[in-house]
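Each remark here refers to the structure printed beneath this line.
In what follows, every heavy atom counts, from backbone to side chain, and hydrogens, waters and symmetry copies are set aside. Only a predicted model underlies this, so the values are computations on that prediction, with no experimental measurement involved.
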Amino acid sequence: MPELPEVETVRRGLASRLEGKTFLGAVSRVAGLRLPVPAGLHDLLAGQRLHAVERRAKYLLLRCDGGTLILHLGMSGYLRVVDRDLPPGRHDHLDLLFDDGQVLRFNDARRFGLLLWTTADPQEHPLLVGLGPEPFAGAFTGDYLHERARGRTVPVKAFIMDQRLVVGVGNIYANEALFLSGIHPARATGRISRDRYLRLADIIRTVLAEAIAAGGTTLRDFSDSDGKPGYFALSLRVYGREGEPCPRCGHTLRQERIGGRSSFFCSRCQH
DNA sequence: CCGGACGCCTGTCGGC
DNA sequence: TGCCGACAGGCGTCCG
């Protein structure tokens, strides 16, 4: 579910509401998410002061004095800040308790999410160490894309969703960025000009930034830490709009499976 | 190394 | 109405 704009929206909410607080501990109601929840999480967290909420790719990093909580929301995960008296509901798997009575509650129906604790540098964690550049970092350029694309035959949509190339682009924003770039999602990665990659890199940044400004995209269950939805869904040009007219030329938008994922595009505007 | 398929897990929706 | 398959915002692993 959440791509970079959604995770960044959550990060901002958590940072403003939770930074500076001290953990009382944790309650787990699940054996494992994508990986087992750390044994003894309560004792690991108790007394830790949360001094910063950061983001790397689609991971949230909750920096504490003695270590870092690494969270990933998977497809269906969300976080809420609630009062500890609110009874947990279905799929409310984890509560991280703060000393002021507030609780950071993790709900994840599909359990593709993740919570880990590390006392080492989280950037060096095996799950994070191979990640590509952040799309807003200087290293992410059209020339970088063009260089990495050389000789590759994979559909460009799968290419830009590969987190080893660049992080944060998931299925929604890949579709949107390719539409705005006029590039067909199935086009072979190595057969796209440098000029088009320059434009694509800019457009990826622009789409992600606009989505962050809108609070992310809510299709069904995404919400920020206050439970409020994002409204970028209103601005989606092609995602989920098969059968509707192309916003640029009026041709009927198509849906096809490309790179194993549902893809939406205009066969007249995108080549 | 590369590209593609699969599995993880639950909820929802469309077709019959 | 009920059932069943397909599909859903991610990602790691395995196979050819």
Side-chain angles (χ1 to χ4, degrees), chain A residues 1-11 29-37 55-60 70-79 89-93 106-116 125-132 147-178 185-191 204 207-208 211-212 214-224 229-243 255-264:
Chain A
M1 116 181 165
E3 305 181 35
L4 187 148
E6 291 74 41
V7 179
E8 177 61 20
T9 297
V10 172
R11 186 201 69 76
R29 306 176 195 90
V30 69
L33 300 169
R34 202 174 91 210
L35 295 172
V37 172
R55 180 189 57 75
R56 169 70 175 123
K58 300 173 192 171
Y59 293 88
L60 289 165
I70 303 174
L71 281 92
H72 195 289
L73 301 175
M75 288 278 267
S76 56
Y78 61 85
L79 293 162
R90 189 161 170 75
H91 306 307
D92 279 339
H93 300 311
F106 187 10
N107 182 295
D108 184 6
R110 295 175 74 179
R111 280 180 272 136
F112 289 173
L114 185 72
L115 180 143
L116 300 171
H125 190 279
L127 288 173
L128 278 72
V129 76
L131 294 171
E147 166 67 23
R148 292 285 301 265
R150 204 185 323 158
R152 304 281 305 274
T153 60
V154 72
V156 64
K157 178 157 170 277
F159 180 64
I160 62 172
M161 289 176 66
D162 185 341
Q163 304 296 296
R164 294 168 299 183
L165 177 83
V166 61
V167 302
V169 180
N171 201 32
I172 292 177
Y173 300 108
N175 279 299
E176 295 297 303
L178 290 170
R187 185 164 191 84
T189 292
R191 305 210 48 202
I204 286 173
V207 167
L208 295 177
I212 292 168
T217 298
T218 296
L219 296 181
R220 35 186 81 78
D221 48 12
F222 171 74
S223 64
D224 67 13
Y231 52 90
F232 193 72
L234 300 170
S235 302
L236 295 176
R237 276 84 164 185
V238 293
Y239 185 89
R241 297 194 183 280
E242 72 278 14
Q255 175 180 17
E256 270 178 38
R257 210 150 184 90
I258 295 167
R261 306 298 296 276
S262 197
S263 304
F264 304 86

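Separation of the P atoms belonging to C:dA6 and B:dA5 is 15 Å when rounded to the nearest angstrom. Nucleotides B:dG11 and C:dG12, compared at atom C1', are 23 Å apart to the nearest Å. Distance check on atom P: C:dG9 versus B:dG14 gives 16 Å, rounded to whole Å.
At the phosphate of C:dC11, OP1 or OP2 sits under 4.0 Å from a side-chain N or O atom of A:His72. For the pair A:Ser262 and C:dA8, the criterion of a side-chain N or O lying under 4.0 Å from OP1 or OP2 is met. Look at A:Arg261 and you won't find any side-chain N or O under 4.0 angstrom from OP1 or OP2 of C:dC7. Dashed line: the shortest gap from a side-chain N or O of A:Tyr239 to OP1 or OP2 of C:dG9 is under 4.0 Å. Contact annotation: A:Arg257 reaches the phosphate of C:dA8 (side-chain N/O to OP1 or OP2, under 4.0 Å).
Separating the CD1 atom of A:Ile172 from the C1' atom of C:dA8 is a distance of 10 Å, rounded to the nearest angstrom. When rounded to the nearest whole Å, the span between CD of A:Glu3 and C1' of C:dG10 equals 9 Å. Residue A:Leu33 contributes atom CG, which lies 17 Å from atom P of C:dG10 at whole-angstrom precision. The distance from atom CG of A:Leu73 to atom P of C:dA8 is 20 Å, rounded to the nearest whole Å. Per the geometry, CG belonging to A:Leu165 stands 16 Å off P belonging to B:dC1, to the nearest Å. For the pair A:Asn171 CG and C:dC11 P, the computed distance is 12 Å after rounding to whole Å.
A stem is defined here as three or more consecutive Watson-Crick or G-U pairs, each with both distances under 3.5 Å; for DNA chain C these stems are B:2-8 with C:10-16, B:10-16 with C:2-8.
The residue A:Phe159 sits apart from the nucleic acid: no heavy atom pair falls under 4.0 Å. No engagement by A:Arg164 is indicated, since no non-hydrogen atom pair under 4.0 Å with the nucleic acid exists. Using a 4.0 Å heavy-atom criterion, one finds that A:Thr217 contacts the bases of the nucleic acid, with or without backbone contacts as well.
A centroid separation of less than 6.0 Å is found between the aromatic rings of A:Tyr59 and A:His72.
The shortest heavy-atom contact between A:Val156 and A:Thr189 is CA-OG1, 3.4 Å. The minimum heavy-atom distance linking A:Asp108 with A:Gly113 is given by the pair OD2-N, 2.7 Å.
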What string of B, S and - do you get for nucleotides 3-16 of chain B, 5' to 3', if B is base contact, S is sugar-phosphate-only contact and - is no contact with any protein heavy atom under 4.0 Å? SS---BBBS-----
